[in-house]
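Contents: one structure, followed by commentary.
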Amino acid sequence: MQAKKRYLILFSAGACLILLLYFGGMQTPLSKSNNRRDDRSLDGHHGSPQDVISGVYNGKRCRMDSCFDFSLCKTNGFKVYVYPQQKGEKMSESYQNILSSIEASRFYTSDPGQACLFVLSLDTLDRDILSPQYVHNLRTKVQNLHLWNNGKNHLIFNLYSGTWPDYTEDLGFDFGQAMLAKASIGTENFRPNFDVSIPLFGKDHPSAEGERGYLKYNSIPPYRKYVLVFKGKRYLTGIGSDTRNALYHVHNSEDVVLLTTCKHGKDWQKHKDARCDLDNAEYDKHDYREMLHNSTFCLVPRGRRLGSFRFLEALQAACVPVILSNGWEMPFSEIIHWNTAAVIGDERLLLQIPSTVRSIHQDNILSLRQQTQFLWEAYFSSVERIVLTTLEIIHDRVLQQAARSNLMWNSLPGGLYSLPQYSSYLGDFPFHYAKLGIKPRPKFTAIIHAVTPLVSQSQPILKLLVAVAKSQHCVQVIILWNCDKPLPAKHRWPATAVPVLVIDGESKVMSSRFLPYDTIPTDAVLSLDEDTVLSTTEVDFAFTVWQSFPERIVGYPARSHFWDSNKERWGYTSKWTNDYSMVLTGAAIYHRYYHYLYTSYLPASLRGLVDQLSNCEDILMNFLVSAVTKLPPIKVTQKKQYKETMMVQTSRASRWADPDHFAQRQSCMNKFASWFGSMPLVHSNMRLDPVLFKDQVSILRKKYKDIERL
């Protein structure tokens with residue numbers, strides 16, 4: 001009897017084990033992760049069957065190593081393909097701006113065979129089914145794309161997901177293994193180092209460049225009229241209502257002004273509570289812009305979704321954002337250290353927020369405000385900046401060996417202008433010298449751009465070569481031969497104390513003077529036109545000045561820009577006036593990194609325009625350097641006869657003798673400004689002279705005495 005009982009127990013246990021294995025084995029065990037956020041996102045919520053179908057939780061295990069085909073990027077590098085727009089498909093202006101930004105970038109390719117990343121032409125920005133921008137039947141349309149491949153190597157942009165009343169992160173279609181560039185994304189659904197959290201921006205957000213930040217000067221101490229402000233909707237019911245409904249508890253009508261209104265939506269009066277009338281009256285008394293620009297901190301509570309338009313508005317206004325949106329993955333969290341520009345609060349501790357911000361030291365407030373301006377201008381000021389930052393983040397994941405450091409992303413001029421393919425060492429970039437406490441190497445390489453045949457030993461290029469080679473700072477002279485005639489024999493060039501390297505320009509185009517030649521061994525490049533007239537003393541002085549300003553262009557011939565209000569366009573002038581905004585590269589010194597940036601960052605369309613016109617390359621270089629530094633170039637003093645001799649040509653081949661030359665430069669100014677999205681050039685009325693310049697002392701006491709001689 002006992003034996004039968006034992007067999008029965010064993011049989012029952014075995015049957016249970018078999019059933020357990022059968023049903024439990026249908027689910028694949030989730031792999032463990034070293035990242036706690038990964039564990040939470042993988043195991044914390046499996047979702048309903050409907051969620052899986054719609055794609056909210058589908059592909060949640062995706063990471064770059066499991067859902068991205070790196071082999072597509074090996075041959076042609078990181079190239080992005082945009083699907084052609086399908087006939088009859090509607091597209092919002094915001095999504096059109098996103099696609100235009102991609103197509104204008106250095107990553108774009110029109111050949112899908114060269115692409116590493118694919119972007120849909122189907123508008124996925126607004127997936128709220130109640131929105132007029134909602135694209136129907138997206139699931140079928142996406143699946144019919146012949147390159148879709150279950151979303152692998154695809155990037156989907158989204159600003160709004162879900163709808164009333166829950167506003168989930170449901171996109172309404174299965175995006176498979178595609179990466180998301182999504183606003184208002186929660187940490188539980190965010191796939192680290194795969195998705196990209198982007199900011200919520202409105203339809204009026206500038207398409208390119210955008211406005212500068214509003215911090216015009218640093219006030220010490222950095223306090224404003226208000227300590228903390230907010231003005232926005234109050235939701236009486238539903239998701240996102242808790243925090244905004246509680247703001248009146250910390251509002252004091254003096255320096256903490258938190259205003260809400262119930263007056264939104266069609267039937268707001270049906271749901272109004274006892275506070276609505278008072279809130280609405282108080283709300284109408286204050287101007288939002290005045291509050292924004294006169295407050296030290298700006299509250300950014302969640303709305304129906306985790307993100308809020310208030311976030312970007314606060315950044316631009318140098319009003320330190322105080323985030324109250326638990327579970328929100330901050331925009332570009334992969335690269336930005338938000339603790340240096342924002343205060344991350346907790347919705348559950350709302351009552352502590354005023355005392356918390358009051359306790360922040362004024363030095364920290366100043367630092368926070370300055371960082372808001374840097375981040376705004378570097379990554380958020382336009383749709384183009386947001387898109388390029390997204391692409392650069394993915395680019396760094398793909399080419400891990402050439403990824404930017406955190407310091408590059410979080411300090412001026414930002415990651416978009418610090419190309420890691422050039423170098424991964426900060427000390428190789430001119431704009432990082434000061435913060436690293438280093439100086440450029442005390443030597444330069446001269447590059448003389450030659451476009452006319454060498455027919456006489458008295459030609460200006462030979463005199464220029466001798467004068468430059470005599471400089472104590474010169475280590476090498478490169479002559480870029482962009483002339484249609486064959487290279488002159490070696491004996492035609494004068495003997496010099498430094499090596500002279502003659503490079504036969506293969507393409508014979510203007511942009512070739514800014515190629516990042518491997519034969520440039522120095523940080524400094526002295527760029528010269530063949531007919532420039534400079535003495536050795538002038539070269540030495542200009543280089544000495546440049547060593548103190550290595551991130552800028554330093555040189556002699558200055559030009560300026562102006563806004564022509566009659567023609568409503570930018571104008572170009574070569575008149576000698578009391579200010580300037582450009583120093584032409586016919587006689588200028590700058591860092592060699594700008595050669596790499598000119599060639600690799602600027603789109604082929606701009607460089608093609610320069611080459612087609614054989615003109616404007618110097619203007620484009622000034623645009624680029626000023627866009628990076630937000631500073632003007634530096635003009636140095638010159639000899640008295642310099643005005644009469646500099647750029648005065650007798651050669652028929654001279655581009656300065658072309659009657660269309662000036663008109664072309666006017667046109668270039670406006671085309672360049674259009675691409676940059678605004679005018680990056682900065683005016684200056686400063687000229688640097690040698691100490692004792694024109695002082696009434698003996699000429700023998702002056703270090704750069706030749707500059708004063710006729």
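Owing to the predicted nature of the structure, the values given are computational and were not obtained by experimental measurement.
The aromatic rings of Y379 and W409 lie tilted to each other, with the angle between the two planes from 30° to 60°. The aromatic rings of F118 and Y83 sit tilted relative to each other, their planes meeting at an angle between 30° and 60°.
V628 and P413 get closest at one heavy-atom pair: O-CB, 3.4 Å. Counting all heavy atoms, side chain and backbone alike, V320 lies closest to A342 at CG1-CA, 4.1 Å. Annotation for C298 and A314: closest pair CB-CB, 3.8 Å, computed over non-hydrogen atoms. A104 and P603 get closest at one heavy-atom pair: O-CB, 3.7 Å.
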>> Under the criterion side-chain contact (heavy atoms from CB on, under 4.5 Å), I'd like the reasoning laid out for R592 against T522: C-alpha separation, chi angles, the key distance, then a yes or no.
In response: CA-CA 8 Å; R592 66 173 178 173; T522 58; over 6 Å; no
> So T585 and D618, side-chain hydrogen bond (donor to acceptor under 3.5 Å, both in side chains) or not? Walk me through it.
Replying inline: CA-CA 5 Å; T585 53; D618 47 0; 4.9 Å; no
> For Q96 and S100, what are the C-alpha separation, side-chain angles and deciding distance, and is it a side-chain hydrogen bond (donor to acceptor under 3.5 Å, both in side chains)?
Replying inline: CA-CA 6 Å; Q96 183 61 60; S100 298; 3.3 Å; yes
>> One pair to check against side-chain hydrogen bond (donor to acceptor under 3.5 Å, both in side chains): N189 and K60. What are the steps and the verdict?
In response: CA-CA 7 Å; N189 291 321; K60 205 160 187 182; 3.2 Å; yes
> Can I394 and M179 be said to form a side-chain contact (heavy atoms from CB on, under 4.5 Å), step by step?
Replying inline: CA-CA 10 Å; I394 300 172; M179 290 180 282; 4.0 Å; yes
>> Under the criterion ring-ring contact (aromatic ring centres under 6.0 Å, His included), I'd like the reasoning laid out for Y422 against F429: C-alpha separation, chi angles, the key distance, then a yes or no.
In response: CA-CA 9 Å; Y422 174 77; F429 296 89; 5.5 Å; yes
>> Before you tell me yes or no, could you show the steps for I619 and M582 under side-chain contact (heavy atoms from CB on, under 4.5 Å), namely the whole-Å CA-CA distance, both residues' side-chain angles and the distance that decides it to 0.1 Å?
In response: CA-CA 7 Å; I619 297 178; M582 291 171 280; 4.1 Å; yes
> Given T389 and I335, is the side-chain contact (heavy atoms from CB on, under 4.5 Å) satisfied, shown in steps?
Replying inline: CA-CA 10 Å; T389 304; I335 59 165; 3.9 Å; yes
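Under a 3.5 Å cut-off, the side chain of K79 and the backbone N or O of N76 do not form any donor-acceptor pair. Using a distance-only test at 3.5 Å, with no hydrogens or angles considered, a donor-acceptor pair links the side chain of T124 to the main chain of F157. When atom types are taken as modelled, the side chain of S674 and the backbone of N670 share no donor-acceptor pair closer than 3.5 angstrom. Panel note: side chain D128, backbone S161; no donor-acceptor pair is recorded below 3.5 Å. The backbone N or O of Y81 lies less than 3.5 Å from no partner atom in the side chain of T109, so there is not a single donor-acceptor pair. Within the 3.5 Å criterion, the main-chain N or O of I520 finds no donor-acceptor partner in the side chain of T445. Checking side-chain atoms of T372 against main-chain N and O of R369 turns up a donor-acceptor pair under 3.5 Å. S105 places a side-chain N or O within donor-acceptor distance of the main-chain N or O of I102, the cut-off being under 3.5 Å. Side-chain atoms of R404 come within 3.5 Å of backbone N or O of G415 as a donor-acceptor pair. A donor-acceptor pair under 3.5 Å is formed between the side chain of Q371 and the backbone N or O of N410.
Proximity of the aromatic rings of W338 and F311 is defined here by a centroid distance below 6.0 angstrom, and this criterion is met. H395 has its ring centre less than 6.0 Å from the ring centre of F107. No close placement of the F68 and F194 rings is indicated, their centers lying 6.0 Å or farther apart.
Among the candidates W546, Y596, Y433, the single residue satisfying the side chain to side chain donor-acceptor pair (under 3.5 Å) test with H591 is Y433. The side chain to side chain contact (heavy atoms under 4.5 Å, CB included) with Y590 is formed by just one residue from the set V625, D523, V525; it is V525.
Here the NE2-OG distance, from H595 to S511, works out to 11.0 Å after rounding to the nearest 0.5 Å. Here the CG atom belonging to L215 is positioned 14.5 Å from the CZ atom belonging to F374, to the nearest 0.5 angstrom. Atoms NZ and OG, from K439 and S548 in turn, are 7.0 Å apart once rounded to the nearest 0.5 Å. Taking OG of S94 as the start and CD1 of I386 as the end, the distance is 10.0 Å to the nearest 0.5 Å. Separating the CD1 atom in I447 from the CZ atom in F514 is a distance of 9.0 Å, to the nearest 0.5 Å.
Sparse packing is recorded around CD of E93, with 12 or fewer heavy atoms of other residues, nucleotides or ligands lying under 6.0 Å away. Enclosure of atom NZ in K435 by more than 12 non-hydrogen atoms of other residues, nucleotides or ligands within 6.0 angstrom is indicated.
Using a cutoff of 4.0 Å between basic side-chain nitrogens and carboxylate oxygens, R607 and E617 are not scored as salt-bridged. A salt bridge does not link E329 with R191: none of the charged nitrogens is closer than 4.0 Å to a carboxylate oxygen. Of the charged side-chain nitrogens involved, at least one lies within less than 4.0 Å of a carboxylate oxygen, so that E89 and K141 count as a salt-bridged pair. We find that D69 and K152 are not joined by a salt bridge, their nearest charged nitrogen and carboxylate oxygen being 4.0 Å or further apart.
For the residue pair D428/S423, the side-chain donor-acceptor check at 3.5 Å is satisfied.
Side-chain contact between F70 and N153 is absent, with no heavy atoms from C-beta onward closer than 4.5 Å. The side-chain heavy atoms of W376 and L312, taken from C-beta on, include a pair separated by under 4.5 Å. A 4.5 Å side-chain heavy-atom check between Y95 and D126 finds every atom pair outside the cut-off.
Under a cutoff of 6.0 Å and an axis angle of 45°, R127 and Y134 form a cation-pi pair.
In terms of the ring pair (Phe, Tyr, Trp, His ring centres under 6.0 Å) criterion, residue partners of F332 (sequence neighbours excluded) are, by chain and number, F380.
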